[in-house]
Student: 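Submitted below is the structure of interest, expressed as structure tokens.
Atoms within each ligand, like the ligands themselves, are counted from 1 in listed order.
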Amino acid sequence: METKVYTDKNDVAKQFAAYFANLVKDYGTFHVALSGGSTPKLIFDVLADTYGNTIDWSQIHFYWGDERCVPPTDTQSNFKMTQDHLFSKIKVPKENIHRVLGENQPMGEAMRYANVLEINLDRVHDIPQFDLVLLGMGDDGHTASIFPHEINLWNAKDHCVVATHPESGQKRVSINGKVINNAKEVIFLVTGTSKATKVKEILERGKGYESYPAAMVAPISGKLSWFMDEDASKLLS
Ligand code: 6PG
């Protein structure tokens with residue numbers, strides 16, 4: 001596991017974008033599960049603005065590690081965020097965008113999306129394998145949409161699960177921990193002071209770290225990196 005600390009969110013975005021552009025060069029088809037929330041916005045802007053004309057986007061297939069069960073036009077939609085900050089600025093074939101149909105029934109959609117992964121991804125250890133899974137981390141230690149109060153979903157039998165946001169009750173479709181840990185590479189993108197306590201508890205295996213889904217990220221044979229800014233990493237020893 002590697003931790004990379006950069007000055008601020010802008011630098012994290014720049015460094016990640018350069019890393020991603022270099023990583024995909026070594027691949028033919030590349031299957032990536034995107035994360036949602038606010039951190040990826042800047043990263044998608046930098047990716048599009050700096051590498052929009054140099055990355056061969058036709059080789060990249062986009063999925064989501066988790067999605068809110070809302071229409072694709074809703075401001076809460078991770079697809080809409082990606083559309084606004086990335087897809088609207090690059091040439092990517094529509095068939096390369098595998099969005100969660102958030103407007104459908106959550107349980108039925110989780111089953112459909114699990115099938116989308118089965119059809120499109122190689123299976124390793126009998127589990128769909130992403131080339132790269134991007135993750136954020138919530139202040140409560142959640143990742144993708146596996147929250148502490150539903151940590152039992154981490155090892156769920158189904159590869160895609162229906163999760164419930166602890167405050168809003170919003171339903172979400174999320175890949176489970178087995179799919180995350182089966183990836184060839186997992187990268188956390190974590191910035192901001194609000195994450196510092198959890199980053200310390202998780203990376204330094206502090207008291208109760210096992211209750212945080214983000215602490216359960218340990219790729220079976222893949223590479224794990226944390227891209228952070230100074231604010232998020234400031235409490236690390
Ligand atoms: C989501 C994300 C979620 C996110 C974290 C961090 O759909 O919200 O996938 O896991 O990555 O909540 O979000 P920020 O980057 O906004 O802090």
Student: When you look for heavy atoms under 4.0 Å from ligand 1, do you find them on the side chain of Asn78, its backbone, both, or neither?
Tutor: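 Near ligand 1, Asn78 shows its side chain, while the N, CA, C and O stay back.
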Student: For Ser35 and ligand 1, does the shortest N/O to N/O distance drop below 3.5 Å?
Tutor: no
Student: Between Phe62 and Phe87, does the ring centre distance come in under 6.0 Å?
Tutor: yes
Student: Within the 4.5 Å heavy-atom criterion, are Met137 and Lys195 side-chain neighbours or not?
Tutor: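 In contact.
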Student: Less than 3.5 Å between some nitrogen or oxygen of His142 and one of ligand 1, yes or no?
Tutor: yes
Student: Based purely on interatomic distance, does Thr143 place a nitrogen or oxygen under 3.5 Å from a nitrogen or oxygen of ligand 1?
Tutor: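 Among all N and O atoms of Thr143, none is under 3.5 Å from an N or O of ligand 1.
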Student: Quick check on the 6.0 Å ring-centre criterion: do His142 and Phe147 meet it?
Tutor: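 Yes, the ring centres sit under 6.0 Å apart.
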Student: So, taking the atom named CD in Gln15 and the one named CD1 in Ile43, what distance separates them when rounded to the nearest 0.5 Å?
Tutor: 11.5 Å
Student: Of all the non-hydrogen atoms in the protein, which one sits nearest to atom 15 (O) of ligand 1, and at what distance?
Tutor: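 Checking every protein heavy atom, the shortest distance to atom 15 (O) of ligand 1 gives Thr39 OG1, 2.6 Å.
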Student: Would you call Lys89-Asp45 a salt bridge at under 4.0 Å N-O?
Tutor: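 Yes, Lys89 and Asp45 are salt-bridged.
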Student: Which atoms of ligand 1 sit under 4.0 Å from any heavy atom of Lys195?
Tutor: 6 (C), 14 (P), 17 (O)
Student: Step through it carefully: locate the ring centre of Tyr63, locate the ring centre of His31, and say whether they are under 6.0 Å apart.
Tutor: yes
Student: Provide the number and element of each atom of ligand 1 under 4.0 Å from a heavy atom of Arg172.
Tutor: 1 (C), 7 (O), 8 (O)
Student: Could you check atom 9 (O) of ligand 1 against the protein and tell me its nearest heavy-atom contact, residue, atom and distance included?
Tutor: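 Ranking protein heavy atoms by distance from atom 9 (O) of ligand 1, first comes Asp66 OD1, 2.8 Å.
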Student: Less than 6.0 angstrom separating the ring centers of Phe227 and Tyr19, yes or no?
Tutor: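 Aromatic pair counts; centres sit under 6.0 Å.
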Student: Only heavy atoms of Met137, strictly under 4.0 Å: list the atoms of ligand 1 that pass.
Tutor: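 Result: 5 (C), 6 (C).
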Student: What's the spacing between Leu42 CG and Asn10 CG if we round to 0.5 Å?
Tutor: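 These two atoms lie 5.0 Å from each other.
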Student: Show the atoms of ligand 1 that are less than 4.0 angstrom away from any heavy atom in Ser38.
Tutor: 14 (P), 15 (O), 16 (O)
Student: Where is the nearest protein heavy atom to atom 8 (O) of ligand 1: which residue, which atom, and how far?
Tutor: Arg68 NH2, 2.7 Å
Student: For atom 10 (O) of ligand 1, state which one of Ala144, Gly136, Ser77, Gly37 supplies the nearest heavy atom.
Tutor: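 Among Ala144, Gly136, Ser77, Gly37, the closest heavy atom to atom 10 (O) of ligand 1 belongs to Ala144.
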Student: Tell me, which protein residue and heavy-atom name are nearest atom 4 (C) of ligand 1, and how many Å apart are they?
Tutor: Gly36 O, 3.9 Å
Student: Determine whether a donor-acceptor pair (N or O, by modelled atom type, separation under 3.5 Å) exists between the side chain of Arg68 and the backbone of Gln76.
Tutor: yes
